[in-house]
Each structure stands twice: as C-alpha cells, then as structure tokens.
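Okay, so here's the structure we're looking at.
Remember, it's a predicted structure, so these values are computed and weren't measured experimentally.
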Amino acid sequence: MNSQQLEKSIINTLAYFDLFNHPLTKEELYDFLWQPTIVSYNEFLDKLSSCPNIETKYSYYFLANRKEIIEIRRARLLGNEKKIKKAVRAANKIKSIPFIKAIFICNTVGAEQSDQQSDIDFLIITTPKRIWITRFFSNIILRLFGLRAYGQSSKDRVCLSFYLDTDNLDLADIRLVSDDIYLAYWLNQLLPIYDPDDLYKKMLSTNSWIKTFIANID
C-alpha cells in the first residue's frame, strides 16, 4: 500500500465512524482500517502523524473540526456499561434454554454507540432448526422478568433482534454489496456475553470475506 492509499484508508475509516459520532483511538483505527491489504503498525503510525484533515485529542482521532464527538463518545461510555450489565442479567435468564448456543450484544450497545434511550439488541445462536422455538421461549421468559422491549417500553430492555443457527453462520449472502462496510464492522463489534463454545471465533472465521476489507483485525 502506498502512502496515498494509506492516507485515503485512514480518512475513509474515520469518516465512517464519524457518521456515528464515534472518534477512534489509534489502536482502534488501525484494527478497523478499511483497506485491501495489510499495513504494518509502524507504517500506519508514521502516516497517521502526518495525515491531513484529521485531529487528535485525549488519545482519540477524528476528522478536522469534529472535536465535539469526543464528549459524545465519553458520555456514552457510562450508560453503555449499565446497559451491558442489564444485558448480562437478561442473558442469564435465557441461556438455560437448551437450544441456545451463544448470545451476543449487537448494534449500538455492542459498538459502544448507544444513547440513554437505546434498547439492547441481541444476536442469538441456536442449534440447527431451533430458531423459532428458541424465539418463543426467550420472548416469554424476558417478558415475565420485565426485560423484553416492546411498544414504547424499550429503554434499557432487550430486543431479540437477530437469530442464526450453527449451520448458517456465514452472512456473505446477505451483504447489500460485496464490500458491505456496515456488515463487516457489525460482525467485528459483536460483544459475546454467553459463548461457552467460542462460536464468536468460529463466526469470524466463517465470514473470512471480512479480511478482504479489514485486513488488520485479529
């Protein structure tokens, strides 16, 4: 990757996260660098120090004249931690359902981009052909404990948003375009809160197409 390509990659990555008012640390920026090939960390740091149209403050990097998003991210952190605690409580209520293999927090809470009114989205992995019965029991249990989002009651409650089974972890076919940036980052921002069989690692391995676009992510 030449210097011009690396500069474009840095700016494009920051621009994407800017859409969510989410500045990045240099480590996050390197991990999420949107590019076609691997670049060394030292090469990345050299370019980052001289890259135009970006600024840094409190160890965060962001597009020029967007320093206000630092406080937005910092303000979200405390609320996000509270939501994660509630998510763990909810996961503990349903993880004994025999068909559930893993539970992940996704969307805004998983990406540390939630606000005070945000609900808590779950991705649940089930055994093959057991999605509907798992959905049925998960919904009942969380409603009984007042943890399920519904109607106008969604703040800090769980939304059972996504289900997959262990035979269908490859999401390549649901990409809107081959380089679906949202889906690639979404998969890498899942937060496992119940995963005894380490299915998250398997899921990332199965979706190896991601490495074409986020080559530095572990």
Side-chain angles (χ1 to χ4, degrees), residues 1 5 9 12-13 15-17 19-20 22 24 27-39 80 83-84 87-88 90-92 94-114 118-139 142 148-149 158-218:
M1 175 179 284
Q5 288 175 317
S9 182
N12 285 348
T13 305
Y16 175 82
F17 283 92
L19 295 173
F20 305 96
H22 196 78
L24 300 174
E27 293 83 8
E28 290 169 337
L29 179 53
Y30 177 74
D31 284 344
F32 287 127
L33 200 59
W34 190 255
Q35 59 162 19
T37 56
I38 294 175
V39 58
N80 214 70
K83 291 179 189 293
I84 290 173
V88 171
N92 286 337
I94 63 174
K95 68 183 184 182
S96 59
I97 295 173
F99 312 117
I100 290 183
K101 302 299 291 181
I103 304 171
F104 306 113
I105 304 173
C106 59
N107 290 3
T108 57
V109 178
E112 295 185 359
Q113 296 167 358
S114 62
S118 295
D119 60 11
I120 305 162
D121 292 290
F122 273 10
L123 164 64
I124 295 177
I125 308 295
T126 76
T127 52
K129 301 180 181 179
R130 292 295 184 268
I131 286 179
W132 288 107
I133 192 169
T134 301
R135 183 178 184 275
F136 175 77
F137 283 114
S138 297
N139 185 59
L142 293 185
R148 175 76 163 89
V158 171
C159 182
L160 301 170
S161 305
F162 305 97
Y163 292 85
L164 295 170
D165 70 38
T166 52
D167 284 347
N168 293 279
L169 298 179
D170 188 352
L171 303 186
D173 288 345
I174 70 169
R175 289 178 290 178
L176 296 180
V177 290
S178 62
D179 57 343
D180 191 331
I181 188 170
Y182 181 84
L183 183 58
Y185 284 134
W186 185 87
L187 282 164
N188 278 283
Q189 291 176 310
L190 294 173
L191 180 60
I193 53 174
Y194 174 69
D195 189 17
D197 299 325
D198 202 11
L199 285 177
Y200 185 49
K201 183 177 180 180
K202 180 179 179 181
M203 192 171 184
L204 292 180
S205 175
T206 301
N207 288 277
S208 57
W209 58 269
I210 296 172
K211 296 290 285 185
T212 304
F213 308 106
I214 314 176
N216 299 328
I217 202 79
D218 291 331

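The minimum heavy-atom distance linking Y182 with N107 is given by the pair OH-OD1, 4.1 Å. Between S138 and I97 the shortest heavy-atom distance is OG-CD1, 3.5 Å. L33 approaches V39 most closely through the heavy-atom pair CD2-CG1, 3.7 Å. The two residues I105 and G110 come nearest to each other via the heavy atoms CG2-N, 3.7 Å.
Counting only heavy atoms from C-beta outward, the side chains of H22 and E112 approach each other to under 4.5 Å. Between C106 and L191, every side-chain heavy-atom pair lies at or beyond the 4.5 Å cut-off. The shortest side-chain heavy-atom distance between L171 and M203 falls under the 4.5 Å cut-off. Side-chain contact between I210 and N188 is present, with heavy atoms from C-beta onward closer than 4.5 Å. Residues T13 and L24 form a side-chain contact, since some pair of their non-hydrogen atoms from C-beta on lies under 4.5 Å apart. Side-chain contact check for I181 versus F213: every heavy-atom pair is 4.5 Å or farther apart. With contacts defined as side-chain heavy-atom distances shorter than 4.5 Å, the pair W186/L123 qualifies.
Under the ring-ring contact (aromatic ring centres under 6.0 Å, His included) criterion, F136 pairs with no residue at all, not counting sequence neighbours. Y194 pairs by the ring-ring contact (aromatic ring centres under 6.0 Å, His included) definition with nothing, not counting sequence neighbours. In this view, A111 and Q113, Q189 satisfy the side-chain contact (heavy atoms from CB on, under 4.5 Å) rule, not counting sequence neighbours. The ring-ring contact (aromatic ring centres under 6.0 Å, His included) test applied to F32 returns F17, Y185, not counting sequence neighbours. Residues satisfying the side-chain hydrogen bond (donor to acceptor under 3.5 Å, both in side chains) criterion with S114, sequence neighbours excluded, are N80. S118 is linked by a side-chain hydrogen bond (donor to acceptor under 3.5 Å, both in side chains) to D115, counting only residues two or more places apart in sequence or in another chain. Remark: F122 pairs with no residue by the ring-ring contact (aromatic ring centres under 6.0 Å, His included) rule, at least two apart or across chains. Every residue two or more places apart in sequence or in another chain was checked for a side-chain hydrogen bond (donor to acceptor under 3.5 Å, both in side chains) with N12, and none qualifies.
Taking CG of L183 as the start and CG of N207 as the end, the distance is 7.0 Å to the nearest 0.5 Å. Distance check: I120 CD1 to K83 NZ gives 6.0 Å after rounding to the nearest 0.5 Å. Here CD1 of I103 is found 11.5 Å from OG1 of T126. Values are rounded to the nearest 0.5 Å.
Sorted by first and then second residue, the pairs that involve residues 182-206 and meet salt bridge (charged side-chain N to carboxylate O under 4.0 Å, His left out), not counting sequence neighbours, are K101-D197. Screening residues 175-188 for salt bridge (charged side-chain N to carboxylate O under 4.0 Å, His left out), with sequence neighbours left out, gives no hits. The salt bridge (charged side-chain N to carboxylate O under 4.0 Å, His left out) contacts involving residues 124-138 comprise nothing, where partners must be two or more places apart or lie in separate chains.
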| Where do D119 and V158 land on the side-chain contact (heavy atoms from CB on, under 4.5 Å) test, with the steps shown first? | CA-CA 6 Å; D119 60 11; V158 171; over 6 Å; no
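When each of I131, I125, T134 is paired with F99, the side-chain contact (heavy atoms from CB on, under 4.5 Å) condition holds for T134 and for no other.
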Which pairs would a plain distance check flag for residues 161-170, meaning a side-chain donor or acceptor within less than 3.5 Å of a matching protein atom at least two apart in sequence or in another chain?
from: S161; atom 1: OG; to: D121; atom 2: OD1; distance (Å): 2.5
from: S161; atom 1: OG; to: C159; atom 2: O; distance (Å): 3.3
from: D165; atom 1: OD1; to: D167; atom 2: N; distance (Å): 2.8
from: D165; atom 1: OD1; to: N168; atom 2: N; distance (Å): 3.1
from: D165; atom 1: OD1; to: N168; atom 2: ND2; distance (Å): 2.8
from: D165; atom 1: OD2; to: N168; atom 2: ND2; distance (Å): 3.4
from: D170; atom 1: OD1; to: A172; atom 2: N; distance (Å): 3.0

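The main-chain N or O of W34 is found under 3.5 Å from a side-chain atom of S9 such that the two form a donor-acceptor pair. The main-chain N or O of I217 is found under 3.5 Å from a side-chain atom of K211 such that the two form a donor-acceptor pair.
No more than 12 heavy atoms of other residues, nucleotides or ligands lie within 6.0 Å of CZ in F137, so this atom counts as exposed by the packing criterion.
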